[in-house]
Each structure stands twice: as structure tokens, then as C-alpha cells.
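Working notes, beginning with the structure itself.
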There are 2 protein chains.
Amino acid sequence: MSFDDQLPPKTRLLRAAAELLANSDGSPVSTRQITKLAGVTAPTLYHHFGDKEGLFDAVVAAGFEEYVAGERDFAPSGEPLEDVRRMWDNHVRFGLTQPHLYLVMFGNIRPESRPAIVADAESLLEEMLSKAAIAGQINVPPREAARSILAANVGVTLMLIAEPLEDRNLELSTMTRDSMIFAVSTETARGAAADDSGKSSVVVAAIALNAALQASHSDQLSSSELKLFLEWLHRISSSS
Amino acid sequence: MSFDDQLPPKTRLLRAAAELLANSDGSPVSTRQITKLAGVTAPTLYHHFGDKEGLFDAVVAAGFEEYVAGERDFAPSGEPLEDVRRMWDNHVRFGLTQPHLYLVMFGNIRPESRPAIVADAESLLEEMLSKAAIAGQINVPPREAARSILAANVGVTLMLIAEPLEDRNLELSTMTRDSMIFAVSTETARGAAADDSGKSSVVVAAIALNAALQASHSDQLSSSELKLFLEWLHRISSSS
DNA sequence: CACTTCATATAGCGTTGCTATAGGTGCTAG
DNA sequence: CTAGCACCTATAGCAACGCTATATGAAGTG
């Protein structure tokens, strides 16, 4: 169960820490576990990495390489905002496939101590958004857009990690992603509010839905379902 | 430096924990510090709260009361989306004035263990968004909108907490906030390319009706009818 | 008074991150 | 060849951690 004795202790420590971090079910990883798996004793760890956090930082640095590699892997599609979407998705995917590493990278927030990793991720995003800005596709300075989008991206990823596996719904991610990109992009036709009739109630909403349904040939309901649905709608909207 | 001996130990423990948590500069707070400040011994803590996390949960619960009180304090302005903005701002303000408490509440994420606090904050937001939905102001089901907005809200707050005080820029918050609200609100005609406007109005109306029905306990339909009705509504509103 | 129940204290277990000290190893200089 | 010098690693152990088995006191009830 130990590591190849040929490798230098520093490397063995890094691999052991990475492995334990990846397989730990959220419980903290002790230096004793790490040094035991690496086949070295405690002082070796502190000689090479200063302290536990130093070792984790080194692991994170390697993890970040992987993260950045993922972010850069896809060739620019010529559609910067589409690339931003892919960066978002890659960010979330990274967080969900390596939740413990991600939590060390982005989750271990301490007041007034901004992890360098955040700045790196931010500039990576900003780079792509600058292209979008050049193409006149966004209505916010790239730096601010990057900060904003990254914040939302981190928030969503943390939420998804915290969620039990069985009801993890990636729609939260895509929806938030598209909301953010939509909001900063210039391609949105503003104004032209469809119905600002206001003062909506059950009745008004029912009437609106009724009209809209009949006009749009929605195929979400079968015809028999639709018939009954409309009858109920009528009952609701003709009451009160 | 100790606490009023008249108070029951449970209260003293709570206050001591809250105080140490509030004044700690991010470093962890030990049970020994807490019990010493409270003037009790270890078993007392475990008798009342089970374990350290239990005590922290209790502190958080008190903090959450404060948080909720802040969220409810302002009278509804009659403009639900404006109230959502204020809830967002209140959330950020709470996080920045009590960063350590906030980090215990929202930052201490562990894989697959979703803090109850998140669900509470979510339903608080959802409640307000339902009003917006009834008024036909949003184009996404309230629950999904709440999840999405809260995720972004948490992400932004964590980012701001991590940022050094001197260059904390609240514009990140307002910008992200408005981006999210803008994206889910119907006051903007969404990108024409991806949208069939007829179908879109069906969705909006369905969402509004759904929210209205759940809010008003209409007795126009029997409970079994209502159940099926809502199921269809859900099918319609979650399509597109 | 006897008895139960709740609340607190004494003392200590096992584990944590970390280190003072010392010893071994491989290199270069004389 | 050997002496000296960095560099690296191990032995052993400290202080602090979360937590608990056990015992003692206080308060209420028959």
C-alpha cells in the first residue's frame, strides 16, 4: 500500500497527499496518514513543505495546473461567450469530480486572505471576456464581468458540492451561467416587455395562460389532458 | 474576563462561543477556549450540545435569527423584485459585518452535507420570488430562481469576505445582483434567437399561475384535481 | 428519608500539527 | 583517502485538540 521507494520523498509526499485528499470523504486528512502512506516520517514533510498547509498548497498548485489545462484545452471557438460558457462548465466539472481538492482551493476562504488561485482563475476568465469585449459583445468591463461571473461560478459549484449526489441538479449551473452571461452581453434585446399588465392574480394569470396555450399549440400535454386542463382553467378564472 | 455567573451554563457557552467566533481572526476556536471563557468544564459543553459542531450550530441558529430578522425587517415594498434586491444586499451586509459567523454558516461546506441554513435562506428567497411570479415578473420557477440567486449571492459574499478590506468593492455585489435579477425577470425580452415568444408567454403564465395557486389555497379544485393540475403546470413551465 | 434525575467536575484517552535533536548520506577540498 | 560540509531523514516527544468514562453534587418526588 506504500509508494514506490525509488521516487524522492518529496514526490511521494505530494502523491500521497493528493491521493488521500481525493479519496477522503470530507473528513480532514492528517499528516500522519500522509507520511505513513508516503513511507516517510514527519520531519521530512516539514523540511520540504514548511507545514501542512504548504504541502496542500503544493498539491493545489498541481491541481490548478490541471484546472488551467482544462480551461485552455478547447481551442477558442471564435465565439468568446461560448468559450466562457465552456470555462464555466469546466470549472463546475472540476469542482464536482475533485470536490475535496476544490474545497481546499476555493472553499477554504479566510477573511482578508484572498487565495492566489482566485486571482488566477479570474484573469483566465478576464482574458476570454476581453475578446468578447473587443467583439463588442459585452456591456461591462471585462475585469468586472470576470469577477462577477467567477463569484457566481464558485457559489454554484460550492452549492452543488454541498448537495447530496442523488439530487444534484446541474440545471442550477446552466441556468445561473446563462443568466450571468445573458446579463453582461449586448445581444439582449432590452425593453419590449411582453405583458406588464401588473396586478396579476390567479384569475389574470389563468386567463393569460389560457390564451397563450390556445395560441401556441404547446405539445407538453396530450389533447385530452389539455381539454381537462382548460376546463379547470376556466373554472378557476371564472370564479371570484 | 469571564461571564456573569448568574446566567445558566448553556447560555454562557453560547455567548462565549459567539464572542470568540466573532473575534477570532479566522483561526479555529477551540472548545477549551470556549469552556474557559464560559467558566465551565468540558463535559458541560457536551452535555448540552453533543459536540463542538452542535454548539456551533446553536450559535449559527442564533445568527440566523438575526439574519432572518434582517431579511424580514423591511416592509414589503409592493415591488417584489425590489425586495429581492434588498434581501440580497442584506445577505451581503450580514456576511461582511459578521464574516466569521457567516463562514461557519455558509463557508464550511462539506461534500454531500448540505447545511440546513442554506435551505432556510433559499425558501426565504423563494417566498419573495413567488410574489414576483404571481405578478408575472419572472420567467423561471421561483424555486429554481431562488437557488440560482442564492448561489450567486453566497459566491459574491465569500469573495468579498476573502478580499482585503481596503479594496473591497461592493460594485461586485450590486452588479452580480442586478445581473441575476435582470436575467430571471420578464421585463426584458430575452434573446430573440433562442425564443419563441408565444411559447415563452405560456411559460411565464404557467409559472405565475403555479405560484398563485400555491399561495392562495384556491378551493375551486379538489385536492386530487389540484395535484394533477399542478403536475401539468410543472410539466409546462419546466419545458422550453 | 430514600430515590431518581439532571447537571457539573475530575481526570485522562487517543489523535492532531509540529519540532528539538541527532544521525546518516553524498559531495567537494585538501 | 579523508576531512569537512551541506543536505536530508529518523527518533522521540511536546502542547493542544476533541471528546468521554466515571464520579459527585444538587434538585425534585414518592
Side-chain angles (χ1 to χ4, degrees), chain A residues 1-61 100-101 103-104 107-108 110 113 115, chain B residues 1-21 23-61 100-101 103-104 107-110 113 115:
Chain A
M1 204 49 189
S2 194
F3 270 100
D4 186 358
D5 288 343
Q6 308 297 14
L7 270 52
K10 189 170 180 179
T11 307
R12 279 185 281 161
L13 278 169
L14 274 174
R15 297 203 181 170
E19 178 174 324
L20 288 175
L21 216 47
N23 297 350
S24 82
D25 55 339
S27 54
V29 178
S30 73
T31 58
R32 280 176 170 80
Q33 291 173 28
I34 298 172
T35 54
K36 183 183 176 186
L37 178 59
V40 299
T41 52
T44 306
L45 191 162
Y46 294 93
H47 173 71
H48 288 290
F49 299 101
D51 61 356
K52 186 185 183 180
E53 198 174 324
L55 171 58
F56 279 15
D57 283 349
V59 174
V60 161
H100 307 95
L101 189 52
L103 285 178
V104 172
N108 252 356
R110 295 237 212 129
S113 96
Chain B
M1 202 50 188
S2 194
F3 271 100
D4 186 357
D5 288 343
Q6 308 297 15
L7 271 52
K10 189 171 180 178
T11 308
R12 279 185 281 160
L13 278 169
L14 274 175
R15 296 202 183 172
E19 179 174 322
L20 288 174
L21 217 47
N23 297 350
S24 80
D25 54 339
S27 55
V29 178
S30 73
T31 58
R32 282 175 169 82
Q33 292 173 31
I34 297 173
T35 54
K36 183 182 176 184
L37 178 60
V40 300
T41 52
T44 305
L45 190 161
Y46 296 93
H47 174 71
H48 288 290
F49 300 100
D51 60 357
K52 186 184 184 182
E53 197 174 324
L55 171 58
F56 279 16
D57 282 350
V59 174
V60 162
H100 307 95
L101 189 52
L103 286 178
V104 172
N108 252 357
I109 303 273
R110 294 209 289 161
S113 96

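Given the structure is predicted, the values throughout are model-derived calculations rather than measurements. Naming: A, B, ... by sequence-line order, numbering from 1 per chain. Every heavy atom of this structure was used, including side-chain atoms; hydrogens, water molecules and symmetry mates were not.
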For a side-chain contact (heavy atoms from CB on, under 4.5 Å) check, start with the C-alpha distance between D51(B) and L45(B), then their side-chain angles and the critical distance, and finish with the verdict. CA-CA 7 Å; D51(B) 60 357; L45(B) 190 161; over 6 Å; no
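The shortest side-chain heavy-atom distance between I34(B) and L13(B) falls under the 4.5 Å cut-off. When side chains are defined from C-beta on, T35(A) counts as touching V40(A), because their heavy atoms get closer than 4.5 Å.
For the pair Q33(A) CD and dG17(C) C1', the interatomic distance rounds to 13 Å; values are reported in whole Å. Distance K52(B) NZ to dC19(D) C1': 12 Å, rounded to the nearest Å. Counting to the nearest Å, the P atom of dT15(C) and the NZ atom of K36(A) are 11 Å from each other. Per the geometry, CZ belonging to R12(B) stands 8 Å off P belonging to dA9(C), to the nearest Å. Residue L45(B) contributes atom CG, which lies 13 Å from atom C1' of dA7(C) at whole-angstrom precision. As rounded to whole Å, 12 Å separates atom P of dT16(C) from atom CZ of F56(A). When the P atom of dG18(D) is taken as reference, atom CZ of F49(B) falls 15 Å away, rounded to whole Å. The distance between atom NE2 of H48(A) and atom P of dC8(D), rounded to the nearest whole Å, is 6 Å.
Contact annotation: T41(B) does not reach the phosphate of dT10(C) (side-chain N/O to OP1 or OP2, under 4.0 Å). Distances shorter than 4.0 Å separate none of the side-chain N or O atoms of Y46(B) from OP1 or OP2 on dT20(D). For dT15(C), the OP1/OP2 oxygens have no side-chain nitrogen or oxygen of S30(A) closer than 4.0 Å. A close approach under 4.0 Å does occur between a side-chain nitrogen or oxygen of T31(B) and OP1 or OP2 of dG18(D).
Checking side-chain atoms of K52(A) against main-chain N and O of V29(A) turns up a donor-acceptor pair under 3.5 Å.
Residue V40(A) is the one, among P43(B) and V40(A), whose nearest nucleotide of DNA chain D lies closer to the 5' end (criterion: closest heavy atom). Comparing R32(A) and H47(A) by the nucleotide of DNA chain D whose heavy atom lies nearest to each, the residue mapping closer to the 5' end is H47(A).
Minimum interatomic distance between A17(B) and V59(B) (heavy atoms only, all atoms of both residues): CB-CG2, 3.8 Å.
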